[in-house]
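To find a chain, count down the sequence lines: A is the first, B the second, and so on, and within it residues start at 1. Keep in mind that the numbers below use all heavy atoms, side chains included, and drop hydrogens, waters and symmetry copies.
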Amino acid sequence: MIDLKLLRDDPERVRASQRARGDDPALVDALLAADEARRTAVSYADNLRAEQKAVSQSVRGASPEERPAVLERAKQLSTEVKEAEVAQTEADAALRVAHLAVPNVIAGAPPGGEADFVVLEHVGDVPSYDFPVRDHLDIGTLLSAIDTERGAKVSGSRFAFLTGDGALLELALINLAMAQATAAGLIPVIAPALVRPEAMEGTGFLGAHAAEVYKLENDDLYLVGTSEVPLAAYHSGEVLEKLPLRYAGYSSCFRREAGSHGKDTRGIIRVHQFEKVEMFSYVDPAAAEAEHQRLLEWEKQFLTLLELPYRVIDVAAGDLGSSAARKFDIEAWLPSQERWLELTSTSNCTDFQARRLGIRMRGEKGPQAAATLNGTLCAVGRTIAVLLEVHQQADGSVHVPKALQPFLGGRTELRPA
RNA sequence: GGUGGCGUGUCCGAGCGGCCGAAGGAGCACGCCUCGAAAGCGUGUGACGUGGCAACACGUCCGUGGGUUCAAAUCCCACCGCCACCGCCA
């Protein structure tokens, strides 16, 4: 939810943000009107309540003669207050709906839609191979590391078994990511993958993404698509005494992939269940931009450790989630398809997400909304896919990056049996 | 899954349907005392909303949501959570 004070002071800035996103600026004016209507309703009800309270108090002190009249007046006020409160509740609800409809105010993101991203930098050279390149599923099959056929047999399409070196590689990546995060001072967390509706709603995943989310109807719980959800809800409703707070959360992630029929159907690039280590920061809003850069640096560091070439893009306003003010994606080179593939994503949500979740910090003038930021450290399945492809060798073996070797028993390559 | 108990401010903890935003502690902050500290003494110490430049005023909040009443932390109902015991179980 955006800051209503900002909205009142500078509505044009919010309208401009809407235009940059390709969203409707009229939502801003609807919100302004709802805010105004609510304040009117609150004032009216407040005044009535004050009067009712006073009259109610005087019931005790009233003499027997005047008592019936006072009680009569009190009853009448009671009815009026109830009506005023209904009106206030309705105005509150209307404001909330209008409030939720306005996404975060963008901060520095390039205008335009999905195709209008800006490439900020390239790191490493796009690899070339003097042998026919295999894709990750072929390599994974040769290594007996990935089994999508049995994944489909047991669980359906977009599921896979990781076996042998595939399973070990997954654990190694998680351990490397956690080791890096811990060395950087982040608090390691293993988070629940099942959350209550409030957590899902509070983080904004039941809005545009609702169709992507698995729900357990019998238990009123949701499977998280990212540990951003439990990590953000972790401090919901709290006033945080000392910031920054930084977490590295590991969890399984579940996505229905409802809108991606026919897309990335081969291998494990897009599956319903994958493992991920996610970074999450709570900071003073004044420090949010610097924190965003810090998260990006950690993401780059991890890919550098894996010896993967990549590029960093500044995602355009129209392609941001509703909570994000700015987002950087890192895309790694996928040799089999000769294209860039999104491996990580880091968003600065400023105080937008925190306001909805009631996450506050001690500010100059008392508690105020904190800023939250998230960033992928390692989306394991996809990273395995890219790793196998980039580091493949002519004979079907795969080079193991130096940093990963200690987590794979010192092995320097993976070979078909 | 069953039975019982409990949810009050940063924490502990009291609270007769009106005089309770809430006793009393602790903690914390500031001041006095001290060479300095501890102890002691004194003062202060929630959030949110609306109006106001501000001091401040009014309103809301005693797990959440309903209900009864002129009036609810206090009575009733539902839900959520916590604790204990039993059952089951990786």
If you compare every side-chain N and O of [X] against the phosphate oxygens of [N] (OP1, OP2), does one of them come in below 4.0 Å?
X        : N      : result
A:Arg38  : B:rG49 : no
A:Ser78  : B:rA71 : yes
A:Arg360 : B:rG46 : no
A:Gln76  : B:rC70 : no

Just how far, in rounded Å, is [atom2] of [N] from [atom1] of [X]?
X        : N      : atom1 : atom2 : answer
A:Gln52  : B:rU69 : CD    : P     : 13 Å
A:Leu48  : B:rG51 : CG    : P     : 17 Å
A:Gln368 : B:rC48 : CD    : C1'   : 15 Å
A:Leu95  : B:rU50 : CG    : C1'   : 13 Å
A:Lys75  : B:rC70 : NZ    : P     : 5 Å

Taking only the [atom1] atom of each, what is the distance from [N] to [M] in whole angstrom?
N      : M      : atom1 : value
B:rG9  : B:rA22 : P     : 15 Å
B:rU10 : B:rA47 : P     : 8 Å
B:rA23 : B:rU43 : P     : 15 Å
B:rU74 : B:rG15 : C1'   : 8 Å
B:rA84 : B:rC28 : C1'   : 34 Å
B:rG18 : B:rU69 : C1'   : 11 Å
B:rG7  : B:rA71 : P     : 26 Å
B:rG21 : B:rC58 : C1'   : 15 Å

Open item on the list: Let's test your reading of the pairing rules: Watson-Crick or G-U wobble, both distances under 3.5 Å, then write RNA chain B as a dot-bracket string with ( ), [ ], | and dots.
Closed with: ((((((((.[[[..)..(.....]]]((((((.......))))))((((((....)))))).[[[[[..)....]]]]])))))))....
Nearest heavy-atom neighbours spanning [X] and [Y]:
X        : Y        : value
A:Ala316 : A:Gly113 : CB-O, 3.2 Å
A:Ala385 : A:Ile269 : CB-CG1, 4.1 Å
A:Val213 : A:Arg256 : O-CD, 3.2 Å
A:Val390 : A:Trp333 : CG2-O, 3.5 Å
A:Ser236 : A:Ile359 : CA-CG1, 3.7 Å
A:Ala30  : A:Ala98  : O-CB, 4.4 Å

Distances for protein N/O vs nucleotides 79-83 of chain B N/O pairs under 3.5 angstrom?
| from | atom 1 | to | atom 2 | distance (Å) |
| --- | --- | --- | --- | --- |
| B:rC80 | O3' | A:Arg196 | NH2 | 3.2 |
| B:rC80 | O2' | A:Arg196 | NH2 | 3.4 |

Contacts under 3.5 Å, N or O only, protein and nucleotides 16-19 of chain B:
| from | atom 1 | to | atom 2 | distance (Å) |
| --- | --- | --- | --- | --- |
| B:rG18 | O2' | A:Gln57 | OE1 | 3.2 |
| B:rG18 | N7 | A:Arg60 | NE | 3.4 |
| B:rG18 | N2 | A:Ser56 | O | 3.0 |

Task: Greater than 12 external heavy atoms within 6.0 Å of A:Phe159's CZ - done: yes
TODO: Might you confirm whether atom CZ of A:Arg150 has over 12 heavy atoms from other residues, nucleotides or ligands at distances under 6.0 Å?
DONE: no
Open item on the list: Enumerate the salt bridge (charged side-chain N to carboxylate O under 4.0 Å, His left out) contacts for residues 75-91 of chain A, please, sequence neighbours excluded, ordered by first and then second residue.
Closed with: A:Arg49-A:Glu85
TODO: Identify, with sequence neighbours excluded, every residue that meets side-chain contact (heavy atoms from CB on, under 4.5 Å) alongside A:Ser252.
DONE: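 If we apply the side-chain contact (heavy atoms from CB on, under 4.5 Å) test to A:Ser252, skipping adjacent residues, the hits are A:Phe254, A:Gln273, A:Glu275.
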Task: A:Glu278/A:Lys276 under salt bridge (charged side-chain N to carboxylate O under 4.0 Å, His left out): CA gap, chis, key distance, verdict - done: CA-CA 6 Å; A:Glu278 178 83 3; A:Lys276 184 155 65 74; 2.7 Å; yes
- [ ] Assign the ring pair A:His399 / A:His391 to parallel, tilted or perpendicular, where the plane angle (0 to 90°) is split at 30° and 60°.
- [x]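 Perpendicular.
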Open item on the list: I want to confirm an ordering. Mapping A:Arg8 and A:Ala74 to their closest nucleotides on RNA chain B, which one lands closer to the 5' end?
Closed with: A:Arg8
Task: Spacing of A:Glu331 atom CD and A:Leu341 atom CG [to the nearest 0.5 Å] - done: 7.5 Å
Task: A:Asp319 with A:Lys327: basic N within carboxylate O range, under 4.0 Å - done: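 Salt bridge absent between A:Asp319 and A:Lys327.
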Which protein N or O atoms sit under 3.5 Å from an N or O of nucleotides 59-66 of chain B?
| from | atom 1 | to | atom 2 | distance (Å) |
| --- | --- | --- | --- | --- |
| B:rG59 | O3' | A:Arg49 | NE | 3.4 |
| B:rG59 | O2' | A:Asp46 | OD1 | 2.7 |
| B:rG59 | O2' | A:Arg49 | NE | 3.0 |
| B:rG59 | O2' | A:Arg49 | NH2 | 3.1 |
| B:rU60 | OP2 | A:Lys53 | NZ | 3.2 |

Open item on the list: Can you confirm if the aromatic rings of A:Tyr247 and A:Tyr234 lie within a centre distance of less than 6.0 Å?
Closed with: yes
